[in-house]
Amino acid sequence: MHAPIKYFEKGLSLAANGAWVVFNGLNKIAQNPAFIPKWSDKPLLKSYQKTRPPLGWPRVTDSLCPVCVREARQEILDGKRDVSVLLNEKVGEIKATILERDGKILMVKDCPLHGHFEDVMAMDTAFFKHLEEVFPGRDIRAHNDEKLHNHGSSTVKHGRGSVLTVDLTNRCNMMCDPCFMDANQVGFVHELSWEDIKQVLDNAITIKPRRQMSVQFSGGEPTISPWFLDAVRYARKVGYNSVQAATNGIEFAKSPDFARQAAEAGLRYAYLQFDGIGNAANSHRRVGNLFDVKLRAIENLHSAGVDIVPVVTIVNGVNNEQVGRIIEFALDNPKTINFLSFQPVSFTGRDEEVTVERREAQRYTLSHLAHDVKNQTGIGEPIRDWFPISFMSTFTDWADVVHGPDEQWGQLSCGCHPNCGIGMAVMIDKETKEAVPVTAFLKAEQLARDVAQVNDAGRGKALSVLGMTLAVMRNYDPFKAPTHFKLSDLLKKFDKTFGATKKAKTGAYGKTTGDRTIDDIAKRRADRWNFLFIAGMWFQDLFNYDFRRTEMCIIPYATQQGEISFCAYNTGIGWRNIIEKMHMTATLTKWYEEHGRHEIFAGGKPVPLSSTEHRLKLNEAAVRAGAQTDLDDLGIAKNARDEKLAARKKSPEEAAREAAHNAEMAKLYRQHVLKEEPTLQIQGLGGPKKKQDVQPVLHKPTV
């Protein structure tokens, strides 16, 4: 039996629906032109002015040959070619087709030199279609950005960004597999100086649209940089309200005082590496007590006022069965965890030369995530409850309209390609722990269409707030909401997030600006309702690379060579390898001579902790469960290290036979399938051109 308030709210919803018809009809008359805010030199975009990349399938896009890229990158690193070639030529680029086959979405591509490549992009075509259909369009095109966005085909072209990543050091106190940056293995140290740190942060605020991004200090392990705390302070000083650290948590677990110092410096979020529940689930990281470290880090950080975002690298067959256990952990601890970030594995860094067998076994997509969440927790319908994270940009646009032309910073906007990231929101009652997906009681697609119409009218703050209120009310179903949840709670959540009213501006919910205090943090945490956001962010690798995604990147890396797309930096042509080599601080030998060796926890070595106490609720069965053994049962290596060990066990004769066979198959493929002449070379990889090189080999990707 529903409480009387639910029936009253249903009446309000029906009344709001009627009022909306009148409001929206009037709102379409003589709409106002978009204004140009101080944070941009271009006007805000109406919904119908937004452009979209090619979507649907089959479609052709620009991609990369995994082998050509590695060869070209090595030539640059060896000094045989100048880095400027990346600005002027399409090095290693080939066409790729995104298509449907056997109920899956695939990317297939052919290189004239290295043959055929294909990989899975989704195992649920309806889910993939849904994500692309609700994509609201691209953000304002970047401008006044030529000094920072100049990276050839990899240049970021659209949007204002969401998270500015700054790698403070490539040193790390762990030796993980997987590791997209190959920390501790490259033979030199690349560590930003204090002047470097200030410069990249100062540069970031020169781009238009000037954006209120999160600044995430990363690495390596950022907390072992001597400038970590100073960097956090400086980011807050120049105007960034949300400062994060992508961390393994070791230093925070070892020292409550260090966690407190970070909070006082202005650290708001800790993006905490978190691969599962229990030490066995984290054993592939090769630290004996890593789960104890995570729990202690959460305890120390949360007590200091820092919010925690567990970040889970999901590898199929290694820890995909942990998806439900991690969500259960968040549901059991709603006063502590309000964000989860799942990141399907990207085969780059140490895993860039992954075998086809292991890649196919370990590949995990965003569609896998949505289905695993439902199957392992019973929460979330893939198509009803999951949306591309760019779906939220319609609401960001509304906040930009409401805040007006005099605002100094644009709202944080996640305007990435719909193939990049997804999210599902769950409303949790912190007292009863009842949890319901927000889109079970709020019609998200219709709400977004309504809000877009409010934005397009451009009526100013008062009418835009009224329009949003009516849109929320008419799309709200109180009977499907959590038992004690009220319409007023929902409206408060919107105001708390976007700061639209005077109440939000005066800090009634707790400030998030640079002058926030521990009391502000306590106010925000006192809310009975936890809006748990479960995100999936799928970074590209050379096997599924799509330049249409790269040019819309919302997670640029701030480097000495400008701001570079996350995927172009860590995968793609591999700007990370090149820039770190160009600006290396010292060789390892020289560094060790001057600074000594930093401690590394690997090979099962435990982290010494003064205490393992925490206040988190755990599922003891999940804690005691053993490591996932799917790949062991199939005889497939779990990581690059295991692959290399397996390769060493082959006799020289076996290795030679295998290499000869692979070479012969590649030769036959090139000659008989691609009709390639033996002297053909790809433009951009050097070497003299012969007559037969002048005409490119044309081919139609396999369908």
Side-chain angles (χ1 to χ4, degrees), residues 48-66 68-69 90 92-112 114-139 141 152-159 344 346 359 363-368 370 382-383 386-391 393 415-422 536-554 565-568 571-573 674 696-703:
Y48 49 82
Q49 294 174 322
K50 293 192 172 189
T51 62
R52 289 165 174 76
L55 299 173
W57 68 84
R59 69 176 185 257
V60 177
T61 191
D62 297 303
S63 189
L64 292 165
C65 168
C68 288
V69 164
K90 296 182 180 296
E93 292 188 30
I94 58 176
K95 294 294 183 181
T97 300
I98 295 171
L99 52 83
E100 178 182 352
R101 186 199 301 156
D102 300 328
K104 299 177 181 177
I105 301 296
L106 306 177
M107 175 181 281
V108 299
K109 52 190 176 181
D110 294 278
C111 171
H114 301 109
H116 184 72
F117 301 90
E118 62 179 59
D119 214 328
V120 176
M121 295 190 66
M123 42 74 78
D124 179 345
T125 57
F127 182 74
F128 191 84
K129 181 181 180 182
H130 160 69
L131 296 180
E132 296 196 340
E133 284 183 338
V134 299
F135 172 64
R138 293 186 282 214
D139 196 6
R141 195 174 178 92
S153 299
S154 300
T155 301
V156 176
K157 298 177 181 178
H158 299 276
S346 169
R359 174 165 55 87
R363 176 62 78 197
Y364 193 85
T365 70
L366 296 174
S367 58
H368 284 87
I383 292 178
W386 290 89
F387 289 82
I389 59 175
S390 48
F391 183 77
S393 63
C416 58
H417 194 285
N419 297 163
C420 290
I422 61 174
M537 199 71 194
W538 190 21
F539 299 116
Q540 302 179 87
D541 51 46
L542 291 174
F543 305 98
N544 54 31
Y545 203 85
D546 184 347
F547 280 96
R548 301 296 81 74
R549 291 176 59 181
T550 303
E551 63 196 18
M552 293 173 60
C553 181
I554 62 168
S565 153
F566 186 102
C567 292
T571 61
I573 197 62
L674 300 178
V697 174
L698 301 177
H699 67 277
K700 184 177 180 180
T702 303
V703 178

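None of these values were measured; they are calculated from a predicted model. Each residue takes its place number in the sequence, starting with 1.
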**Request:** Nearest 0.5 Å please: distance from the CG atom of Leu131 over to the CZ atom of Phe391.
**Result:** 11.0 Å
**Request:** May I ask you to test the Pro53-His158 pair for a side-chain heavy-atom distance under 4.5 Å?
**Result:** no
**Polar side-chain atom of Gln540 near backbone of Asp546 as donor-acceptor pair, under 3.5 Å** = yes
**Request:** List the steps, then state whether salt bridge (Lys or Arg N to Asp or Glu O under 4.0 Å) holds for Glu132 with Arg59.
**Result:** CA-CA 13 Å; Glu132 296 196 340; Arg59 69 176 185 257; 3.0 Å; yes
**Item:** side-chain contact (heavy atoms from CB on, under 4.5 Å) between Ser393 and Lys50, worked out
**Value:** CA-CA 11 Å; Ser393 63; Lys50 293 192 172 189; 4.2 Å; yes
**Request:** Kindly indicate whether the side chain of Asn419, heavy atoms from C-beta on, has any atom under 4.5 Å from the side chain of Phe128.
**Result:** yes
**Asked** Are Asp541 and Arg359 side-chain neighbours, meaning at least one heavy-atom pair lies under 4.5 Å?
**Response** no
**Request:** Begin from the C-alpha positions of Ser154 and Phe547 and carry the test side-chain contact (heavy atoms from CB on, under 4.5 Å) through to its verdict.
**Result:** CA-CA 7 Å; Ser154 300; Phe547 280 96; 4.1 Å; yes
**Any His368 side-chain heavy atom under 4.5 Å of Pro344 side chain** = no
**Asked** Are any of the side-chain heavy atoms of Ser153 and Asp62 separated by less than 4.5 Å?
**Response** no
**Item:** Minimum heavy-atom distance between Met123 and Ser367, given as atom pair plus value
**Value:** N-OG, 2.9 Å
**Request:** Could you tell me which non-hydrogen atom of Lys129 sits nearest to which non-hydrogen atom of Trp57, and how far apart they are?
**Result:** CB-CH2, 3.8 Å
**Asked** Hey, what do you get for CZ (Phe543) to SG (Cys65), rounding to the nearest 0.5 Å?
**Response** 9.5 Å
**Prompt:** Is it true that the side chains of Asp110 and His116 contain a donor and an acceptor less than 3.5 Å apart?
**Reply:** yes
**Complete:** Between Pro136 and Ser390 the two heavy atoms that sit nearest each other are CG-O, 3.2 Å
**Item:** Pro418 and Leu55, any side-chain heavy atoms less than 4.5 Å apart
**Value:** yes
**Request:** Report the distance from atom CZ of Arg363 to atom CE of Met121, rounding to the nearest 0.5 Å.
**Result:** 9.5 Å
**Request:** Hey, could you give me the CD1/CG distance between Ile383 and Asp124, rounded to the nearest 0.5 Å?
**Result:** 6.0 Å
**Item:** Name of the residue among Asn544, Leu99, Asp119 meeting side chain to side chain contact (heavy atoms under 4.5 Å, CB included) with Leu106
**Value:** Leu99
**Message:** For the backbone of Ala568 and the side chain of Thr571, can you confirm whether one donor and one acceptor N or O come within less than 3.5 Å of each other?
**Reply:** no
**Asked** Within the distance-only criterion (no hydrogens, no angle test), does the side chain of Thr51 pair as donor or acceptor with the backbone N or O of Arg138 below 3.5 angstrom?
**Response** no
**Side-chain donor/acceptor of Asp102 to backbone N/O of Lys104, under 3.5 Å** = no
**Prompt:** Between OH of Tyr545 and CE of Met107, what distance do you get to the nearest 0.5 Å?
**Reply:** 10.5 Å
**Request:** Verify, without hydrogens or angle tests, whether Thr125 (side chain) and Gly103 (backbone) share a donor-acceptor contact under 3.5 angstrom.
**Result:** no
**Message:** Any side-chain to backbone donor/acceptor pair from Lys109 onto Leu64? Under 3.5 Å, distance only.
**Reply:** yes
**Message:** Quick check: do Cys416 and Ile389 have side-chain heavy atoms less than 4.5 Å from each other?
**Reply:** yes
**Complete:** Output for pair (Phe127 CZ, Ile422 CD1), nearest 0.5 Å, gives 4.0 Å
**Asked** For the residue pair His130 and Phe387, does the interplanar ring angle fall in the parallel (under 30°), tilted (30 to 60°) or perpendicular (over 60°) class?
**Response** perpendicular
**Prompt:** Any donor-acceptor pair under 3.5 Å linking the side chain of Ser565 with the backbone of Cys567?
**Reply:** yes
**Asked** His417 versus Phe135: any side-chain heavy-atom pair under 4.5 Å?
**Response** no
